[in-house]
Student: 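One structure follows; several queries about it will come next.
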Amino acid sequence: MGSPYVPPTLNDPDLGVSSKDITISQNPLISARIFLPKLNEPHKKIPILVYYHGGAFCVESAFSFDHHRFLNSLVSQAEVVAVSVEYRMAPEHSLPIAYEDSWAALNWVALHFADNGINEEPWLINHGDPNRLFVGGDSAGANIAHNVAMRVGKEGLRNDVNLLGVFLTHPLFWGSKPIEGDPCEEPEKDLACLVWNMAYPSAPGGIDNPMINPVAPEAPSLAGLGCSRLLVCVSENDELRHRGVGYYEAVKRSGFEGETELVEVEGEDHAFHILKFESRKAKELTKKLADFLLR
């Protein structure tokens, strides 16, 4: 399942973006695909994006055609160095392993800018600006990005590197109770609940675990998000839309001190900007994400 594997490229003929596959950790094995835009200034410092791909915690890849194509475009437009994380997936590796891998990858990036840190990836050392560090993701990857940002707020990153911004496109959030405006009357019978139970069968609280339901009664305050800027993107025809809007509104109510923005795209479905990459609205949303990273 998912889109096919594609190899990395040096100087992509269409956009000039280069990519390569790297190993973040041998034990456990965590890898990534890193992207670098074509730069006219050889020593230019640019923002860093740590990206988590979607796929219901069980399909797709940092090395897949769909996500490679999307990140090539985003990296070119935003002029960022991007690290697309190949976290371990369910059912072979149940959650919270993907969360732990994703957290380790973000700290690996931060360690490149620490005193007595590491000097493993020259694209990060030569071009990465640790003062403009972002995380983002789509669907299950957006869920991961949210949970990573909450952990940044609680624990911080190595060398006190700060997380500037987070973008979540069509985030996978769910819960046991219906929410206002959502046509789903039995959330616990929905596909989103089945996906969560497959990916994290031992989750404390089940579908109301704060990692999938960030507005559950036992969830920590969303004021604890460890970033300064948040962008949430939803689509009109996506069944996750209402949960995404509810999350955004809950962040606004929480006392979160950073900037927040909600983008709603009419007439589109889940992850359309990746699955319908060539469409006008997909290109517009990708540009919106690029603008967020450029500010």
Side-chain angles (χ1 to χ4, degrees), residues 1-10 17-36 48-72 75 80-114 116-125 128 133-152 155 157-159 161 163 172 195-196 198-203 211-212 274:
M1 295 180 67
S3 59
Y5 165 87
V6 292
T9 56
L10 285 177
V17 174
S18 293
S19 56
K20 61 182 177 180
D21 296 340
I22 60 175
T23 299
I24 290 173
S25 167
Q26 291 285 358
N27 187 22
L29 182 59
I30 307 170
S31 54
R33 179 162 292 178
I34 186 167
F35 297 78
L36 184 71
I48 303 165
L49 169 64
V50 178
Y51 190 82
Y52 307 113
H53 70 82
F57 301 109
C58 64
V59 295
E60 279 295 320
S61 167
F63 312 134
S64 69
F65 170 76
D66 284 346
H67 283 89
H68 179 92
R69 177 177 61 172
F70 164 69
L71 279 167
N72 248 13
V75 164
V80 298
V81 54
V83 179
S84 183
V85 180
E86 182 73 347
Y87 54 85
R88 290 172 292 169
M89 296 191 296
E92 293 81 5
H93 302 283
S94 297
L95 293 173
I97 285 177
Y99 294 125
E100 294 301 324
D101 287 357
S102 300
W103 176 248
L106 180 59
N107 272 287
W108 176 84
V109 170
L111 267 174
H112 284 77
F113 308 100
N116 300 316
I118 59 176
N119 188 24
E120 294 184 1
E121 179 41 59
W123 288 1
L124 286 173
I125 293 293
L133 174 63
F134 295 83
V135 300
D138 62 279
S139 191
N143 173 289
I144 291 172
H146 156 75
N147 282 292
V148 163
M150 291 295 292
R151 191 163 174 180
V152 171
E155 300 179 21
L157 288 171
R158 301 288 185 89
N159 202 42
V161 171
L163 182 60
L172 175 53
V195 165
W196 178 252
M198 175 279 300
Y200 200 172
S202 64
M211 289 181 143
I212 188 70
I274 292 174

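Predicted model, so just to flag it, every value in this text is computed and none were measured.
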Student: Cut-off 3.5 Å, no hydrogens considered: what does the side-chain donor-acceptor table look like for residues 88-98, sequence neighbours left out?
Tutor:
from	atom 1	to	atom 2	distance (Å)
Arg88	NE	Asp101	OD2	2.9
Arg88	NH2	Asp101	OD1	2.9

Student: By the salt bridge (Lys or Arg N to Asp or Glu O under 4.0 Å) test, which pairs, at least two apart or in different chains, include something from residues 62-72?
Tutor: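 Passing the test, one end in residues 62-72: Asp66-Arg69.
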Student: Got a sec, which residues hit ring-ring contact (aromatic ring centres under 6.0 Å, His included) with Phe63, two or more places apart in sequence or on another chain?
Tutor: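 Here no residue qualifies.
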Student: Quick one: closest heavy-atom pair of Ala110 and Arg158, and the distance?
Tutor: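 Scanning both residues, the minimum pair turns out to be CB-O, 4.0 Å.
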Student: Given Thr9 and Phe35, is the side-chain contact (heavy atoms from CB on, under 4.5 Å) satisfied, shown in steps?
Tutor: CA-CA 9 Å; Thr9 56; Phe35 297 78; over 6 Å; no
Student: Is any side-chain heavy atom of Glu121 closer than 4.5 Å to a side-chain heavy atom of Trp108?
Tutor: yes
Student: Is there a donor-acceptor pair under 3.5 Å between the side chain of Tyr87 and the backbone N or O of His53?
Tutor: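 At least one qualifying donor-acceptor pair exists.
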Student: Going by heavy atoms in the side chains, are Arg151 and Asn107 under 4.5 Å from each other?
Tutor: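 A side-chain contact under 4.5 Å is absent here.
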Student: Please give me the minimum heavy-atom distance between Ala203 and Trp196, naming the atom from each residue.
Tutor: CB-NE1, 3.7 Å
Student: Hey, what do you get for CD1 (Ile22) to CD (Glu86), rounding to the nearest 0.5 Å?
Tutor: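 Output value for this atom pair is 12.0 Å.
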Student: Is there a side-chain contact between Tyr5 and Ser61 (heavy atoms, below 4.5 Å)?
Tutor: no
Student: Counting only heavy atoms not in Gln26 (residues, nucleotides, ligands), do more than 12 fall under 6.0 Å from its CD?
Tutor: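 Open: at most 12 neighbouring heavy atoms sit under 6.0 Å from CD of Gln26.
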Student: Show me the donor-acceptor pairs, under 3.5 Å and distance only, between side chains in residues 135-149 and residues at least two apart or in other chains.
Tutor:
from	atom 1	to	atom 2	distance (Å)
Asp138	OD1	Tyr51	OH	2.5
Asp138	OD1	Gly54	N	3.2
Asp138	OD1	His67	NE2	3.0
Asp138	OD2	Gly54	N	3.2
Asp138	OD2	His67	NE2	3.4
Ser139	OG	His270	NE2	2.7
Asn143	OD1	Tyr99	OH	2.7
Asn143	OD1	Asn147	ND2	3.1
Asn143	ND2	Leu172	O	2.9
Asn143	ND2	Met211	O	2.8
His146	ND1	Tyr247	OH	3.0
Asn147	ND2	Asn143	O	2.9
Asn147	ND2	Met211	O	3.1

Student: Excluding sequence neighbours, so at least two apart, what forms salt bridge (Lys or Arg N to Asp or Glu O under 4.0 Å) with Glu120?
Tutor: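 In terms of salt bridge (Lys or Arg N to Asp or Glu O under 4.0 Å), with neighbours along the sequence ignored, Glu120 is linked to no residue.
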Student: What heavy-atom pair brings Ile24 and Ala105 nearest, and what distance separates the two atoms?
Tutor: CD1-CB, 3.8 Å
Student: Supply the atom-to-atom distance Leu111 CG to Leu124 CG, rounded to the nearest 0.5 angstrom.
Tutor: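 Going from CG on Leu111 over to CG on Leu124, the span is 11.0 Å.
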Student: If you look at every heavy atom in Leu133 and Leu163, which pair is closest and at what distance?
Tutor: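 In terms of heavy atoms, the two residues are closest at O-CD1, 3.4 Å.
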Student: Rounded to the nearest 0.5 Å, what's the gap from CZ on Phe113 to CG on Asn159? Could you check?
Tutor: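 Answer rounded to 0.5 Å: 10.0 Å.
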Student: If you apply the rule side-chain contact (heavy atoms from CB on, under 4.5 Å), what do you find for Leu71 with Val17, and how did you get there?
Tutor: CA-CA 10 Å; Leu71 279 167; Val17 174; over 6 Å; no
Student: Looking at Val75 and Ala82, what are the two nearest heavy atoms and their distance?
Tutor: CG2-CB, 3.6 Å
Student: Kindly write out the residues that satisfy side-chain contact (heavy atoms from CB on, under 4.5 Å) with Ala104, not counting sequence neighbours, or none if the list is empty.
Tutor: Ile30
